[in-house]
Number of protein chains: 2
Amino acid sequence: MARASKNTTTPSPATPGPEQLDTSVLEALVGYNARRASIAIGAEFFERMAPYGLKQADFSVLALLAHNPGATSRQLCATLDILPPNFVSLIAALDRRGLIERRPHPRDGRAVGLHLTDAGHALAQETEKIVVEMESELAGRLTERERTTLQRLLQKFYLGKGEKRETR
Amino acid sequence: MARASKNTTTPSPATPGPEQLDTSVLEALVGYNARRASIAIGAEFFERMAPYGLKQADFSVLALLAHNPGATSRQLCATLDILPPNFVSLIAALDRRGLIERRPHPRDGRAVGLHLTDAGHALAQETEKIVVEMESELAGRLTERERTTLQRLLQKFYLGKGEKRETR
DNA sequence: TATTGTTATACTCTATAACTATA
DNA sequence: TATAGTTATAGAGTATAACAATA
């Protein structure tokens with residue numbers, strides 16, 4: 001698959017001559033840039049996590065459980081925007097691998113508290129370290145201050161928007 | 001791809017409400033923030049483009065053709081990172097709707113130059129205006145300078161380092 | 001021989017309806 | 001009645017192999 005083409009800040013000629021297209025219209029959109037950056041980072045993530053057999057969702061669940069022991073499926077689904085039916089096989093796979101443990105919820109007989117096993121804790125710790133290192137490499141051209149700014153600005157687009165309409 | 005971002009969980013403490021999880025580990029990752037922002041913006045995009053029957057890829061193609069008349073499928077696929085087999089039905093749909101026109105390429109008998117029809121131009125212009133307006137609303141809390149910074153920082157993650165990966 | 005566009009196909013991700021058991 | 005977890009399934013999105021026409 002071809003890589004993203006680099007943008008030329010000069011307006012493109014009207015004739016279909018050169019190879020590169022003028023992408024300045026799209027690169028002015030936050031949505032486009034966020035999506036492309038997300039895909040690029042996700043591809044790198046996929047490569048580095050392949051030895052551990054973890055996808056982004058798997059990693060997120062392990063990382064959250066490491067810091068929120070006993071969290072329920074419902075809480076994890078809400079936090080990660082995963083639909084409950086799609087969460088079942090994910091959790092089942094982690095369970096089969098012996099990374100998590102399901103314990104009855106102390107106060108709610110319907111719910112199940114999820115906990116990392118020792119192996120799960122070890123894997124969460126190791127992969128979290130690798131991901132943090134990967135991010136440092138990818139953000140190598142950014143200063144620490146730029147990186148913090150980037151996080152803060154991105155979060156403005158998905159956190160605390162107040163009024164929200166229902167989708168379909 | 002349109003993820004219903006209905007679960008942004010306002011900080012209001014709902015009484016039967018779920019205990020919020022500690023997400024600080026994930027929110028420290030650019031990849032996580034970019035993905036969440038991309039999904040949130042994509043959901044809003046989906047809502048506003050629904051009346052026009054355009055998905056993100058459709059809009060990108062129309063916008064690119066508006067500024068790159070006569071571009072070929074191969075060029076658009078390379079620019080947008082879409083695999084050629086997946087591009088066929090997309091282009092066919094735009095063609096059936098009378099938004100684009102396929103003309104024989106002047107210098108390559110294999111290729112086909114893609115052009116917007118009058119209807120295509122009108123739709124590209126109208127939807128581009130709507131998307132730009134949407135972005136202004138979503139980025140309402142950002143200063144113009146912050147927004148420019150955000151674009152620049154995001155582009156560092158997907159531009160100018162495409163010599164390694166071959167997939168996605 | 002290489003490239004453009006295409007068909008067929010498979011695999012993943014995401015979404016909806018409906019069931020169960022608890023509350 | 002409402003909620004947590006689950007099943008089954010459908011629909012997008014994305015991937016590879018292989019082919020015809022042209023270079």
Side-chain angles (χ1 to χ4, degrees), chain A residues 1-2 16 19 35-36 38-39 42-43 46 50 53-58 60-61 70-95 100 102-114 166-168, chain B residues 1-7 14-19 35-36 38-40 42-43 45-47 49-50 53-58 60-61 70-95 100 102-114 165-168:
Chain A
M1 195 50 200
E19 193 87 352
R35 183 159 181 267
R36 295 303 298 262
S38 170
I39 290 173
F46 183 80
L54 293 185
K55 302 171 201 165
Q56 285 179 310
D58 302 313
S60 297
V61 168
T72 66
S73 289
R74 193 202 122 282
Q75 287 177 308
L76 292 167
C77 282
T79 303
L80 296 173
D81 254 334
I82 298 176
L83 292 170
N86 302 327
F87 197 66
V88 175
S89 62
L90 191 159
I91 280 295
L94 295 180
D95 195 3
I100 65 171
R102 297 152 132 148
R103 304 183 197 159
H105 194 281
R107 297 181 191 175
D108 192 333
R110 299 168 300 182
V112 177
L114 302 174
E166 201 56 33
T167 52
R168 288 192 305 282
Chain B
M1 168 160 317
R3 196 88 182 86
S5 64
K6 53 185 170 186
N7 203 299
T15 306
E19 308 134 18
R35 183 157 180 268
R36 295 303 298 263
S38 170
I39 290 172
F45 181 97
F46 183 81
E47 274 188 28
M49 285 299 109
L54 293 185
K55 302 169 203 163
Q56 285 179 311
D58 302 313
S60 297
V61 167
T72 67
S73 289
R74 192 203 120 278
Q75 286 177 307
L76 292 167
C77 281
T79 303
L80 295 173
D81 256 334
I82 298 175
L83 292 170
N86 302 327
F87 198 67
V88 175
S89 62
L90 191 159
I91 279 296
L94 294 180
D95 194 3
I100 64 171
R102 297 152 131 147
R103 303 183 196 160
H105 195 281
R107 299 194 296 211
D108 192 333
R110 297 169 302 180
V112 178
L114 302 174
R165 281 182 304 282
E166 195 57 28
T167 53
R168 289 188 56 102

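Below, read A as the first sequence line, B as the second, and so on, with proteins coming before strands; counting in each chain starts at 1.
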Take the protein atom CG of B:L83 and the nucleotide atom C1' of D:dT14, then report the distance between them rounded to whole Å.
7 Å
Report the residues that fulfil side chain to side chain contact (heavy atoms under 4.5 Å, CB included) with A:A71, sequence neighbours left out, ordered by chain and then residue number.
A:L65, A:N68, A:Q75, A:L76, B:L21
Are side-chain heavy atoms of B:M49 and B:K55 found at a separation under 4.5 Å?
no
Can you identify which nucleotide, out of C:dT14, D:dA15, C:dT6, has its nearest atom closest to the B:N86 side chain?
D:dA15
Show the nearest heavy-atom pair for residues A:R107 and A:H105, with the distance to one decimal.
N-ND1, 3.1 Å
Check this one for me: any side-chain N or O of A:K55 less than 4.0 Å away from OP1 or OP2 of C:dT12?
no
Nearest whole angstrom, please: distance from the C1' of C:dG5 to the CD1 of B:I82.
15 Å
Without decimals, in angstroms, what is the distance between B:L90 CG and D:dT14 P?
11 Å
Specify the closest pair of heavy atoms between A:Q56 and A:G42, including all atoms of both residues, with the distance to one decimal.
NE2-CA, 3.7 Å
CZ-CG distance between A:F46 and A:L54, expressed to the nearest 0.5 angstrom:
11.0 Å
Do any side-chain nitrogens or oxygens of A:R102 fall under 4.0 Å of OP1 or OP2 in D:dT6?
yes
Treating primed atoms plus P, OP1 and OP2 as sugar-phosphate and everything else as base, which nucleotides of nucleotides 17-23 of chain D get B, S or - for protein heavy atoms under 4.0 Å?
B----BS
B:R102 meets the side chain to side chain contact (heavy atoms under 4.5 Å, CB included) criterion, sequence neighbours left out, with B:I91, B:D95, B:V112, B:L114
Restricting to side chain to side chain contact (heavy atoms under 4.5 Å, CB included), what partner residues turn up for A:A57, sequence neighbours left out?
A:I82, A:L90
note: A:H105, atom NE2; C:dA21, atom C1'; distance rounded to Å ~ 16 Å
Atom CG of B:D95 and atom C1' of C:dG5 are separated, to the nearest Å, by 14 Å
Bend of the helix from C:dG5-D:dC19 to C:dA23-D:dT1 from end-axis comparison, five pairs per end, nearest 10°, comes to 10°
Quick one: list whatever passes side chain to side chain contact (heavy atoms under 4.5 Å, CB included) with A:S60, sequence neighbours left out.
A:L80, B:L26
Whole-Å distance separating the CZ atom of B:F87 from the P atom of C:dT4:
14 Å
Whole-Å gap separating P (C:dC13) and CZ (A:F46)
9 Å
Between B:P84 and B:C77, which heavy-atom pair has the shortest distance, and what is it?
CA-SG, 3.8 Å
CD1 of B:I91 versus P of C:dT7: gap in Å, rounded?
13 Å
